[in-house]
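Note that the structure is a prediction, hence the values are computed from the model and not measured.
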Amino acid sequence: GAKSNEIVTSDNGRLGLSSIRVSSEKLDELINLVSELVTRQAGLSLFSEKLNNKDLIILAEDIEKISKRLRDNTFSMRLIPIENMVTRFQRLVRELSGELDKEVIFQTEGIETEIDKTMTEGILEPIMHIIRNSIDHGIEDQKTRKQQGKPAKGTILLKAYYSGSNVCLQISDDGRGIDTKHLRIKAIEAGFINSDAVLSPKEQLGLIFLPGFSTAKKITKISGRGVGMDVVKKKISELRGEVEIATELNKGTTITLKLPLTLSIIDGLLVVIDKSYYVIPLSSINRCIEFKHKDLVNPVNNLIYIRDGHIPFIYLRKEFGIKST
């Protein structure tokens, strides 16, 4: 049958809380209708400003407020707590730690944090892979941990929290950390970089995202099969998210997945080139700076000077083959 989400409703407090099941298809249809409404409402706002009719502007503003409330309510219906996924992670930790003869404690924090249901399927495999890596590569065996003065049992913490218009999922372990020097050696051996390449610490950690890159010394059922962090990054990028790594040798590693709250509607900046309209997602915009058009034509190395120094830019008329100036 059709999948369903549980929605909690209230009848003026008289009956307390009750829940009804709504199929995912109905929720998807509702999201599509709200998306259409938001798009039309944006068009109405632009039209009312163009006509400069006071009554129409007030009406457009009211519709915008209602549309935003409707959009927020509709999105909240599709949110599912991360808690629903935790059982799978606990099972994975239990099975893998037994298989690799390691003692691992799995802890969670903020798992009541909610995420769009369309994302839960997309993030499940990346998180499972990161946990596998933590147990296989990160957490040492009990003997090694005792020698280093660590507790015999390793710890993996899954932490979820909101950060602005994003949801962050952090997977931390208190294992051996990532040896960036070892990463560099492996990358040179595999021919990914030249031996004289100068890399910043962040770039050295970034080597772990190269396709087919593996630091496994021997192939096991869990690691060294050529499916690595590149797949994690690809899947998170498909969800318009980011992956960040922080590590300290012999202290542990933290991998943060930063995801947008929803995939259904994106806020964007509308720009016009010639007579064509383009939308740039606001998540990709840091700031807007105005320049005269003559400053952008034929500059040296496509660099333009601002107060902070020179910044590179892409000339979209050239990119899109627009002849007019």
Chemist: Check for a donor-acceptor pair, side chain of Lys150 on one end and backbone N or O of Asn250 on the other, with a separation under 3.5 Å.
Modeler: yes
Chemist: Can you list the steps and then say if Ile171 with Asn133 is a side-chain contact (heavy atoms from CB on, under 4.5 Å)?
Modeler: CA-CA 11 Å; Ile171 302 100; Asn133 272 354; over 6 Å; no
Chemist: Compute whether any side-chain donor of one residue and acceptor of the other, for Glu49 and Ser45, lie under 3.5 angstrom apart.
Modeler: no
Chemist: Grab the two heavy atoms, one from Ala187 and one from Leu207, that are nearest each other, plus how far apart they are.
Modeler: CB-CD1, 3.9 Å
Chemist: Side-chain donor-acceptor pair under 3.5 Å between Asp116 and Thr118, yes or no?
Modeler: yes
Chemist: For side-chain contact (heavy atoms from CB on, under 4.5 Å), just list the numbers for Val167 and Met119, CA-CA rounded to whole Å, side-chain angles, deciding distance to a tenth of an Å, and then say yes or no.
Modeler: CA-CA 11 Å; Val167 177; Met119 280 194 202; over 6 Å; no
Chemist: Should we count CD1 of Ile289 as having more than 12 external heavy atoms under 6.0 Å?
Modeler: yes
Chemist: Compare all side-chain heavy atoms of Met77 with those of Val22 and state whether any distance is below 4.5 angstrom.
Modeler: no
Chemist: Going through the distances and angles, do Thr144 and Asp141 end up as a side chain to side chain donor-acceptor pair (under 3.5 Å)?
Modeler: CA-CA 6 Å; Thr144 309; Asp141 56 59; 2.8 Å; yes
Chemist: Any side-chain to backbone donor/acceptor pair from Lys102 onto Gly154? Under 3.5 Å, distance only.
Modeler: no
Chemist: Identify, with sequence neighbours excluded, every residue that meets ring pair (Phe, Tyr, Trp, His ring centres under 6.0 Å) alongside Tyr162.
Modeler: none
Chemist: Mind checking side-chain hydrogen bond (donor to acceptor under 3.5 Å, both in side chains) for Asn73 and listing every partner two or more places apart, or none if nothing turns up?
Modeler: none
Chemist: Just to verify, what does Thr39 make a side-chain hydrogen bond (donor to acceptor under 3.5 Å, both in side chains) with, not counting sequence neighbours?
Modeler: none
Chemist: With side-chain contact (heavy atoms from CB on, under 4.5 Å) as the criterion, how do Leu33 and Glu29 come out once you've worked through the C-alpha distance, each side chain's angles and the decisive distance to 0.1 Å?
Modeler: CA-CA 6 Å; Leu33 290 170; Glu29 176 63 15; 3.9 Å; yes
Chemist: Has the side chain of Arg317 got a donor or acceptor atom that lies under 3.5 Å from a matching backbone atom of Ile273?
Modeler: no
Chemist: How long is the span from the CG atom in Asp173 to the CD1 atom in Ile139, to the nearest 0.5 Å?
Modeler: 5.0 Å
Chemist: Are Tyr278 and Ile285 linked, directly or through other ILVMFWY residues, by side chains that come within less than 4.5 angstrom of each other?
Modeler: yes
Chemist: Which residues pass the ring pair (Phe, Tyr, Trp, His ring centres under 6.0 Å) test with Phe209, not counting sequence neighbours?
Modeler: none
Chemist: Test side-chain contact (heavy atoms from CB on, under 4.5 Å) on Ile105 and Lys153; report intermediate values, then the result.
Modeler: CA-CA 7 Å; Ile105 300 163; Lys153 292 182 178 181; 3.8 Å; yes
Chemist: Can you sort out the partners of Arg145 under side-chain hydrogen bond (donor to acceptor under 3.5 Å, both in side chains), two or more places apart, ordered by chain and number?
Modeler: Glu140, Asp174
Chemist: Under the side-chain contact (heavy atoms from CB on, under 4.5 Å) rule, collect the residues that match up with Ala42, sequence neighbours excluded.
Modeler: none
Chemist: Out of curiosity, Ile156 CD1 to Ser97 OG, how far, rounded to the nearest 0.5 Å?
Modeler: 8.5 Å
Chemist: Using the side-chain hydrogen bond (donor to acceptor under 3.5 Å, both in side chains) criterion, which residues pair with Thr155? Sequence neighbours excluded.
Modeler: none
Chemist: Closest heavy-atom contact between Ile245 and Ile178?
Modeler: CG2-CD1, 4.0 Å
Chemist: Among all residues two or more places apart in sequence or in another chain, which pass the side-chain contact (heavy atoms from CB on, under 4.5 Å) test with Glu242?
Modeler: Glu244, Lys258
Chemist: Holding to side-chain contact (heavy atoms from CB on, under 4.5 Å), I want the full list of residues that pass it with Lys292, two or more places apart in sequence or in another chain.
Modeler: Lys294, Asp295
Chemist: Pairs under 3.5 angstrom only: tabulate donor-acceptor contacts from the side chains of residues 80-94 to other protein residues two or more places apart or in another chain.
Modeler:
none

Chemist: Under the side-chain hydrogen bond (donor to acceptor under 3.5 Å, both in side chains) rule, what pairs show up with a residue in residues 55-70, not counting sequence neighbours?
Modeler: none
Chemist: Please answer whether the main-chain N or O of Cys168 pairs with a side-chain N or O of Ser163 as donor and acceptor at a distance below 3.5 Å.
Modeler: no
Chemist: Decide, yes or no, whether a salt bridge links Asp28 with Lys117 under the criterion of side-chain N to carboxylate O below 4.0 Å.
Modeler: yes
Chemist: Please step through salt bridge (charged side-chain N to carboxylate O under 4.0 Å, His left out) for the pair Lys235 and Glu121, ending with a clear verdict.
Modeler: CA-CA 11 Å; Lys235 289 200 171 184; Glu121 290 151 19; over 6 Å; no
Chemist: Ring centroids only, cut at 6.0 angstrom: are Phe291 and Phe313 within range, meaning strictly under it?
Modeler: no
Chemist: Would you mind telling me which of Leu70, Asn32, Ile66 makes a side chain to side chain contact (heavy atoms under 4.5 Å, CB included) with Leu37?
Modeler: Leu70
Chemist: Rounded to the nearest 0.5 Å, what separates atom CG in Leu169 from atom CD1 in Ile111?
Modeler: 11.5 Å
Chemist: Name every donor-acceptor pair, under 3.5 Å, that has one atom in a side chain of residues 190-201 and the other anywhere in the protein, sequence neighbours excluded.
Modeler:
unit_1 : atom_1 : unit_2 : atom_2 : d
Ser200 : OG     : Glu203 : N      : 3.2
Ser200 : OG     : Glu203 : OE1    : 3.4

Chemist: Roughly how far, to the nearest 0.5 Å, is the OH atom of Tyr161 from the CG atom of Asn166?
Modeler: 10.0 Å
